[in-house]
Structure formats: structure tokens, C-alpha cells
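All values below come from the heavy atoms of this structure, side chains included, with hydrogens, waters and symmetry mates left out. In this chain, residues are counted from 1 in sequence order.
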Amino acid sequence: NDQYYFVDMFDCFRLYSKKYIKSLSSLNFKVNKILDLGCGIGLTTRLLGQIYPDSKRYATNLKDTKQWNYCKEYGDFNLVESVEDVNEDVDLLFASDYFEHIEKPIEQIRQVISKVNPKYLILGNSFNTWSAGHFINYYHDGEMVDQSKMSRIFNKYLRDNGYTNIKTKFWNNRPTVWERNES
């Protein structure tokens, strides 16, 4: 709820998320329902709506913050506090700069997958970077995990739970794109 949050969110959108989302249009996914985890000020959610104009969109945010109020006022999507408030499966889950702000990211992705069963995961994780709100150590199965190991553990969890990493020609493989195996 920092006074400079909006500047930071706009800058992250301009530098990263906007490019991530625009790259999705080349994938030709059939998408009817979207969940944008940690939508910030809602710019990503609105851009997803431009790429998938007939989609129903959900976005999570922290209630009683400036960004919540902004999204409530200017958003054209379903704003919810938690994935628990989404009562249907989604086709596409977008999470850019989200999981590295969660101390137990594996437990969080487990909850998300269990609740909304996304077919596609579009992830812009950066566990091994130093930034405001990122952790130096994460926790998984009661153990402390150094940030340098979290990406491997996170990706292994996705593979072990029915997702395949789709190889794209995106710069630096960002965002990573995962598809749920149907078998």
C-alpha cells in the first residue's frame, strides 16, 4: 500500500507483463475463462481481455489497498480476494511476478491448481532475483529452500502434477508456458 506502488506496477507492466501477454496471441489457445493472480492495478487483466475478448476474467488482489480500489473503480473484470473466490475452472492462469512474493509458493500453486484446474499456466516467475517483496529463502514441506533452488523445485512440482512445459520462441523463455496433460 506504498505511495509509489502505482509507479512500480506501471513500470513492471511496461517492461515485462505487457510483452508476456502480447506474445500469447501467437499461441492460438482457446480461452474462455482467465484468472490473473495478483493483478496489480489491472493492466494485465485488461490486456488479456483484448487478446481474448470473449473471455470471462477473474483477477486477485489485496482487499483494502489502493490497487484494490483502483481495480474496483476502473476494472472490467471480476475482482476477487483469493483463488478460493473463483468457483469454476479456468482455461488460462496468468501470474507474472507473483509466486516469488509468496513464502510457500509450492503450497500456493497446489491450492490454485486444486481450486481452478487451469489448462494453461502462463508464468513470469523470478525466484532468484533480488527485488522488493522477494524472499531470500522459501519454504517447502517444512524445509527452508534457498531462492537459487526454488525455480527447479517449482517446475518439478508442475511436471509431477500433470503439466508439460511448452517450448516457445519467446525471448529468454519468458513467460514460461505450461499445459495440463489431458491423460
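At a cut-off of 3.5 Å, with distance as the only test, a side-chain donor of Glu100 or Ser126 sits close to an acceptor on the other residue. Of the N and O atoms on the side chains of Asn128 and Lys149, not one donor lies less than 3.5 Å from an acceptor on the other residue. Residues Asn165 and Lys167 have side chains that bring a donor and an acceptor to within less than 3.5 angstrom of each other. The closest side-chain donor-acceptor pair between Tyr58 and Lys56 falls under 3.5 angstrom.
Although no hydrogens or angles enter the test, the distance criterion places no donor-acceptor pair under 3.5 Å between the side chain of Asn117 and the main chain of Asp89. Judged by distance alone, the side chain of Arg159 and the main-chain N or O of Thr164 form no donor-acceptor pair under 3.5 Å. A donor-acceptor distance shorter than 3.5 angstrom exists from the side chain of Ser82 to the backbone of Glu84, with no hydrogens or angles considered. Although no hydrogens or angles enter the test, the distance criterion places a donor-acceptor pair under 3.5 Å between the side chain of Asp91 and the main chain of Lys33. Looking at Arg57, its side chain does come within 3.5 Å of a backbone N or O of Asp76 through a donor-acceptor pair. A donor-acceptor contact shorter than 3.5 Å is absent between the side chain of Arg174 and the backbone of Lys19. Without hydrogens or angle criteria, Ser55 side chain to Val31 main chain gives no donor-acceptor distance under 3.5 Å. Remark: the backbone N or O of Gly38 is paired with a side-chain donor or acceptor of Thr60 at under 3.5 angstrom.
Here Ile122 contributes atom CD1 and Thr44 contributes atom OG1; the two are 12.5 Å apart, rounded to the nearest 0.5 Å. To the nearest 0.5 angstrom, Asp141 atom CG is 6.0 Å from Glu107 atom CD. Note that the CD atom of Gln67 and the OG1 atom of Thr65 stand 3.0 Å from one another [nearest 0.5 Å]. A distance of 11.5 Å separates CG of Asp160 from CD1 of Ile153, quoted to the nearest 0.5 Å. For the atom pair CG (Asn137) and CG (Asp146), the distance works out to 5.5 Å, reported to the nearest 0.5 Å. With rounding to the nearest 0.5 Å, the separation of CG in Asn125 from CG in Asp97 is 9.0 Å.
Aromatic pair Tyr157/Phe154: centroids not less than 6.0 angstrom apart. Between Phe99 and Phe127, the gap from one ring centroid to the other reaches at least 6.0 Å.
Other residues, nucleotides and ligands place no more than 12 heavy atoms under 6.0 Å from the CZ atom of Arg152. Around the NZ atom of Lys104, the shell of radius 6.0 Å holds no more than 12 heavy atoms that belong to other residues, nucleotides or ligands.
You'll find the side chain of Tyr138 reaches within 4.5 Å of the side chain of Gln147, heavy atoms only. Side-chain contact check for Pro105 versus Phe135: every heavy-atom pair is 4.5 Å or farther apart. In this structure, Met144 and Tyr139 have side chains that are in contact, with non-hydrogen atoms separated by less than 4.5 Å. Proximity of Lys119 to Lys30: side-chain heavy atoms (C-beta onward) are nowhere separated by under 4.5 Å. Phe77 has its side chain out of reach of Ile34: every pair of non-hydrogen atoms, C-beta onward, lies at least 4.5 Å apart. Counting heavy atoms from C-beta on, the side chains of Val177 and Leu121 never come closer than 4.5 Å. Within the 4.5 Å cutoff, the side chain of Cys39 has heavy atoms near those of the Leu79 side chain. In this structure, Met150 and Ile106 have side chains that are in contact, with non-hydrogen atoms separated by less than 4.5 Å.
Cluster annotation: Val116 and Leu158 are assigned to the same hydrophobic cluster (Ile/Leu/Val/Met/Phe/Trp/Tyr, side-chain heavy-atom contacts under 4.5 Å, transitive). The hydrophobic cluster containing Leu37 also contains Ile109, counting ILVMFWY residues as joined when their side-chain heavy atoms lie under 4.5 angstrom apart, directly or transitively. Taking hydrophobic clusters as Ile, Leu, Val, Met, Phe, Trp and Tyr residues chained together by side-chain heavy-atom distances below 4.5 Å, Leu24 shares a cluster with Ile166. Ile113 and Leu93 fall within a single hydrophobic cluster, where Ile, Leu, Val, Met, Phe, Trp and Tyr side chains are chained together by heavy-atom contacts under 4.5 Å. Both Ile41 and Phe94 are assigned to one and the same hydrophobic cluster, defined by single-linkage of ILVMFWY side chains at heavy-atom distances under 4.5 Å.
Between Tyr20 and Gly124 the shortest heavy-atom distance is CE1-CA, 3.9 Å. The two residues Ser23 and Ser26 make their nearest non-hydrogen contact at O-OG, 2.8 Å. Closest heavy-atom contact between Tyr52 and Phe29: CE2-O, 3.7 Å. Heavy atoms only, all atoms of each residue included: Leu35 and Ala59 are closest at CD1-N, 4.4 Å. Between Lys115 and Val86, the shortest heavy-atom distance links the atoms CE-O, 3.0 Å. Of all non-hydrogen atoms in Gln108 and Ile102, the two that sit nearest each other are CB-CG2, 3.9 Å.
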Mind running side chain to side chain contact (heavy atoms under 4.5 Å, CB included) on Glu81 and Asn61 for me, showing each step along the way? CA-CA 5 Å; Glu81 275 187 88; Asn61 216 320; over 6 Å; no
Is there a side chain to side chain contact (heavy atoms under 4.5 Å, CB included) between Asn32 and Asp54 once you walk through the steps? CA-CA 7 Å; Asn32 295 312; Asp54 297 325; 5.9 Å; no
